[in-house]
Amino acid sequence: MTQGMLFNTEEPPGRRDAPAQALAPGAWLFPGLVHARAPALLSAIGEVVRRAPLRHMTTPGGGRMSVGMSGCGARVWVSDAAGYRYETHDPRTGRPWPTMPALLRDIAGECAQKAGYDGFVPDSGLINRYGPGDRMGLHQDRDERCDAPIVSISLGVSAVFLWGGVTRSDPVRRIVVRNGDVVVWGGPSRLAWHGIAPVPQAQHPLCGDVRYNLTFRRTA
DNA sequence: AAGTCACT
DNA sequence: CCAA
């Protein structure tokens with residue numbers, strides 16, 4: 001199979017009404033759920049990154065993350081030589097992270113509700129920018145101090161979402177995520193291992209050769 | 001360590 | 001070369 005087929009950015013008619021797919025207990029993929037609101041979501045991203053520029057974080061072992069990261073809300077995840085943690089201020093500017101735009105907060109709540117998680121009010125919205133070849137290794141989200149679900153929104157160029165289990169040695173599924181797709185995981189899947197395979201060089205009408213991922217969490 | 005790399 |  002060619003990459004051109006696998007990563008075709010065209011969105012077939014009817015994707016907005018595609019059924020939810022269960023990935024694991026408490027974990028769902030909603031194909032095209034926020035497709036219609038992609039332009040508004042991208043506008044909100046622009047608003048945030050204007051005040052908190054995307055940057056490449058380093059890992060405690062000295063590695064450099066390929067993904068450009070920023071965020072909004074009360075706390076944002078950061079990584080540096082000292083480790084992983086949530087910070088209330090942008091280490092790069094010393095200012096508080098931008099307020100989470102109401103549009104983002106509300107859409108995240110709607111997505112969580114679709115997966116059966118009522119009353120989700122995120123206090124953290126991470127923005128990940130993937131250029132061609134950028135990736136995110138398999139990991140768990142375990143720096144939050146509460147067990148609320150994770151809401152993940154894909155925008156722009158399609159990518160392969162790596163979905164493992166709660167044990168590191170569990171098999172990893174490869175799931176194509178396209179512009180407007182939403183993945184929600186919580187409950188028994190809250191600590192599932194996940195990541196993103198290297199993003200292919202491809203074009204999307206709204207984002208050029210870029211994929212954005214928005215992830216919403218409650219950190220405390 | 002969300003990083004890389006070596007090896008099979 | 002890539003995947004596990």
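Out of C:dA4, B:dG3, B:dA1, the shortest distance to the side chain of A:Arg174 is found at C:dA4.
When rounded to the nearest whole Å, the span between CE of A:Met136 and P of B:dG3 equals 7 Å. Taking atom OH of residue A:Tyr86 and atom P of nucleotide B:dA1, one finds them 19 Å apart after rounding to whole Å. When the P atom of C:dA4 is taken as reference, atom CG of A:Leu162 falls 9 Å away, rounded to whole Å. When the C1' atom of C:dA4 is taken as reference, atom CZ of A:Arg135 falls 13 Å away, rounded to whole Å. One can place CD1 of A:Ile127 at 22 Å from P of B:dA2, the figure rounded to the nearest angstrom. For the pair A:Asp143 CG and B:dA2 C1', the computed distance is 9 Å after rounding to whole Å. When rounded to the nearest whole Å, the span between CH2 of A:Trp77 and P of B:dG3 equals 8 Å. In this structure, NE2 of A:His194 is placed 13 Å from C1' of B:dA1, rounded to the nearest angstrom.
Nucleic acid contact class of A:Gly137 (heavy atoms, under 4.0 Å, all strands): sugar-phosphate only.
Contact check for A:Phe216 versus A:Met100: side-chain heavy atoms found under the 4.5 Å cut-off.
Residue pairs meeting the salt bridge (Lys or Arg N to Asp or Glu O under 4.0 Å) criterion with at least one partner in residues 190-215 of chain A, sequence neighbours excluded, are A:Glu144-A:Arg190. Residue pairs meeting the salt bridge (Lys or Arg N to Asp or Glu O under 4.0 Å) criterion with at least one member in residues 71-99 of chain A, sequence neighbours excluded: A:Arg55-A:Asp90, A:Arg75-A:Asp123, A:Asp80-A:Arg85, A:Arg85-A:Glu87.
Atom CD1 of A:Ile127 and atom CE of A:Met69 lie 10.0 Å apart (nearest 0.5 Å).
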